[in-house]
Amino acid sequence: WKGTRVSKIKKYLHALPILAGFGTGFAALGLKLYNNSGSTCWIAPAPNNPDRHNPNYGIYRLAFLYADAWAIIIFLAVCMTIIYFHVLKQEKKLDKYSASFSQKKRKQSKKIRNQAFLYVGCMYMTWIFGS
């Protein structure tokens, strides 16, 4: 993409996560879901305060945090897979220009595959235990 094309959509790409964060934050605030959750204030039960207790707090946690996080991780994995297969396809097209006796090592696609695997793998490792 050219710089002018990116600059046209940059404000929307910045606004999307900000609006999502404010949207879920204010929705949880309006539903009185924020309570003491150990060392932080988060969506939690309030057994000592029946006025603020919402029995569906687990569903709200799932919807407001974990569902978004896992949707982003899955989207990221799909994007990385598409990039890897695109580079692999380009390398296969270039095979006709290489010598027939040379090894087809596919160095670039292997680099991208490893980098994508490590990147997405780190995201999985970060979120799998907490959610």
* Keeping to residues at least two apart or across chains, list the ring-ring contact (aromatic ring centres under 6.0 Å, His included) pairs with something in residues 60-79. => Tyr60-Phe64, Trp70-Tyr124
* To do: State plainly whether one hydrophobic cluster holds both Ile128 and Leu62, where clusters connect Ile, Leu, Val, Met, Phe, Trp and Tyr through side-chain heavy atoms under 4.5 angstrom apart.
  => yes
* To do: Write down the atom of Tyr34, the atom of Cys41, and the distance for their closest heavy-atom approach.
  => CB-SG, 3.9 Å
* Hey, quick one: are Leu31 and Ile43 part of the same hydrophobic cluster, counting side-chain heavy atoms closer than 4.5 Å, chains of contacts allowed? -> yes
* To do: Verify side-chain contact (heavy atoms from CB on, under 4.5 Å) between Arg5 and Ile9, making sure each step is shown before the conclusion.
  => CA-CA 7 Å; Arg5 189 174 176 193; Ile9 64 165; over 6 Å; no
* From CZ (Arg113) to CG (Leu88), nearest 0.5 Å -> 9.5 Å
* Counterpart residues, ring-ring contact (aromatic ring centres under 6.0 Å, His included), relative to Trp42 (two or more places apart) -> none
* When rounded to the nearest 0.5 angstrom, what distance separates CZ in Phe85 from NZ in Lys92? -> 8.5 Å
* Asked: Would one find more than 12 heavy atoms of other residues, nucleotides or ligands at under 6.0 Å from atom CD of Gln90?
  -> yes
* Asked: So if you build clusters from Ile, Leu, Val, Met, Phe, Trp, Tyr with side-chain heavy-atom gaps below 4.5 Å, do Trp127 and Leu76 land together?
  -> yes
* Structure fact -> One should read off an interatomic distance between Leu118 CG and Gln115 CD, to the nearest 0.5 angstrom, of 8.0 Å
* Structure fact -> Separation between CD1 (Ile83) and NE2 (His86), nearest 0.5 Å, reads 9.5 Å
* Common cluster, Phe129/Val120, ILVMFWY with side-chain heavy-atom separation under 4.5 Å -> yes
* Linked, directly or transitively: Leu16 and Leu19 (ILVMFWY side chains, under 4.5 Å) -> no
* Just by distance, do the side chain of Gln108 and the backbone of Glu91 share a donor-acceptor pair under 3.5 Å? -> no
